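These numbers were taken from a predicted model, which means no experiment stands behind them.
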Amino acid sequence: MIRLEHIGIAVRSLEDSNELFEKLLGRPHYKIEEVASEYVKTSFFKIGESKVELLEATSPDSAIAKYVAKRGEGIHHVAFEVEDIHAEMERLRSEGFTLLNEQPKRGADNKLVCFVHPKSANGVLIELCQEVREEEG
């Protein structure tokens, strides 16, 4: 793992939360993006080398909607940048971690992503992410 890439925060309203985090962080978000396959709309704030990702559900069936309904707004996941997501997935499997994805999938911010089940990571949902390269397009 290279670095902390971002912290994902589940929110009820992206509009309200963007306003709040702009005040909190002293800077505007730099991007809003919808990930239709995950039924989520995201907003990103850059803080040094890392980011804060706000996540709003676009469907009541989405994982984010279920998370907010059960736990309320708050930290949803911690994401780490990796050099080779396939190799890191294999390494984690060999170490006994349970992955929620058999293969990486496209996520927000031009990333390939995979999630580690919170039950195998002290209750924390961990996201692995790798920048999409041309050949993986």
Side-chain angles (χ1 to χ4, degrees):
M1 297 197 191
I2 298 171
R3 68 181 175 98
L4 176 68
E5 212 282 336
H6 68 268
I7 295 174
I9 301 174
V11 301
R12 285 186 181 88
S13 166
L14 205 56
E15 185 178 337
D16 293 346
S17 297
N18 273 336
E19 187 177 317
L20 176 105
F21 274 82
E22 284 176 11
K23 289 177 189 174
L24 177 70
L25 301 173
R27 67 192 71 203
H29 64 275
Y30 71 88
K31 174 198 268 193
I32 292 178
E33 181 178 349
E34 187 166 336
V35 182
S37 63
E38 299 300 312
Y39 306 105
V40 68
K41 189 161 45 167
T42 65
S43 176
F44 287 92
F45 291 82
K46 184 93 167 143
I47 306 297
E49 291 295 312
S50 299
K51 298 176 234 171
V52 172
E53 176 189 34
L54 304 180
L55 302 116
E56 175 191 68
T58 59
S59 164
D61 296 328
S62 77
I64 295 299
K66 292 173 185 173
Y67 181 92
V68 170
K70 185 175 181 180
R71 295 180 185 89
E73 296 179 296
I75 294 177
H76 178 259
H77 66 272
V78 177
F80 294 96
E81 181 180 359
V82 298
E83 182 65 34
D84 181 338
I85 197 165
H86 296 280
E88 194 62 16
M89 289 171 69
E90 188 55 40
R91 183 186 76 79
L92 291 173
R93 277 189 198 101
S94 74
E95 293 286 351
F97 290 91
T98 302
L99 304 182
L100 295 176
N101 313 95
E102 286 299 314
Q103 293 295 322
K105 57 185 177 178
R106 271 205 179 262
D109 206 27
N110 196 39
K111 301 283 191 270
L112 289 176
V113 301
C114 172
F115 289 90
V116 177
H117 198 293
K119 288 183 181 175
S120 65
N122 285 357
V124 179
L125 180 62
I126 302 292
E127 178 182 2
L128 308 176
C129 55
Q130 173 195 305
E131 191 79 24
V132 173
R133 300 180 184 119
E134 285 287 320
E135 65 272 13
E136 295 164 325

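A 4.5 Å side-chain heavy-atom check between D84 and E90 finds every atom pair outside the cut-off. Side-chain contact between I7 and S50 is absent, with no heavy-atom pair separated by less than 4.5 Å. Between L125 and F115 there is a side-chain heavy-atom pair separated by less than 4.5 Å. When side chains are defined from C-beta on, K105 counts as touching E38, because their heavy atoms get closer than 4.5 Å. Looking only at side-chain heavy atoms (C-beta outward), S17 and E73 come within less than 4.5 Å of each other. A heavy-atom distance below 4.5 Å is found between the side chains of I9 and F21. With contacts defined as side-chain heavy-atom distances shorter than 4.5 Å, the pair E22/F45 qualifies. At least one side-chain heavy atom of F80 sits under 4.5 Å from a side-chain heavy atom of L4.
Minimum interatomic distance between Y67 and G74 (heavy atoms only, all atoms of both residues): CE2-O, 4.2 Å. The two residues P60 and A65 come nearest to each other via the heavy atoms O-CB, 3.6 Å. Minimum heavy-atom separation, M89 to C114: CE-SG, 3.5 Å.
Hydrophobic clustering places M1 together with L99 (ILVMFWY residues linked when any side-chain heavy atoms are closer than 4.5 Å, directly or through intermediates). Hydrophobic cluster membership differs between I2 and L128, with clusters built from Ile, Leu, Val, Met, Phe, Trp and Tyr side chains linked at under 4.5 angstrom. Linking Ile, Leu, Val, Met, Phe, Trp and Tyr whenever their side-chain heavy atoms come within less than 4.5 Å leaves L100 and I85 in two separate clusters. Residues I75 and V52 fall within the same hydrophobic cluster, defined by Ile, Leu, Val, Met, Phe, Trp and Tyr side chains chained together at heavy-atom separations under 4.5 Å. If you chain together hydrophobic residues whose side chains sit under 4.5 Å apart, V35 and V68 fall into the same group.
A donor atom on one side chain and an acceptor atom on the other are found under 3.5 Å apart for E127 and H6.
For the atom pair CD1 (I64) and NE2 (H77), the distance works out to 7.5 Å, reported to the nearest 0.5 Å. Note: K66 NZ to R71 CZ = 12.0 Å, rounded to the nearest 0.5 Å. The line from CZ of R27 to CD1 of I47 is 4.0 Å long, rounded to the nearest 0.5 Å. Remark: L54 CG to I32 CD1 distance equals 9.0 Å, nearest 0.5 Å. Separating the CD atom in E81 from the CD atom in Q130 is a distance of 8.5 Å, to the nearest 0.5 Å. How far NZ of K51 is from OG of S43: 12.0 Å, rounded to the nearest 0.5 Å.
Formation of a donor-acceptor pair under 3.5 Å by the S62 side chain with backbone atoms of V40 is not found in this model. With T58 contributing its side chain and K41 its backbone, the two residues share no donor-acceptor pair below 3.5 Å.
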- What do the steps show when you test E83 against R133 for salt bridge (Lys or Arg N to Asp or Glu O under 4.0 Å), and what is the final call? CA-CA 11 Å; E83 182 65 34; R133 300 180 184 119; 3.4 Å; yes

**Asked** Is there a side-chain contact (heavy atoms from CB on, under 4.5 Å) between F97 and I126 once you walk through the steps?
**Response** CA-CA 11 Å; F97 290 91; I126 302 292; over 6 Å; no

Item to complete: Evaluate the criterion salt bridge (Lys or Arg N to Asp or Glu O under 4.0 Å) for residue pair K111 and E5; output intermediate values, then yes/no.
Response: CA-CA 11 Å; K111 301 283 191 270; E5 212 282 336; 3.6 Å; yes

With side-chain contact (heavy atoms from CB on, under 4.5 Å) as the criterion, how do D109 and E53 come out once you've worked through the C-alpha distance, each side chain's angles and the decisive distance to 0.1 Å?
CA-CA 10 Å; D109 206 27; E53 176 189 34; over 6 Å; no

Does the pair V116 and E88 meet the rule for a side-chain contact (heavy atoms from CB on, under 4.5 Å), with working shown? CA-CA 11 Å; V116 177; E88 194 62 16; over 6 Å; no

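Other residues, nucleotides and ligands contribute over 12 non-hydrogen atoms within 6.0 Å of the CD atom of E33.
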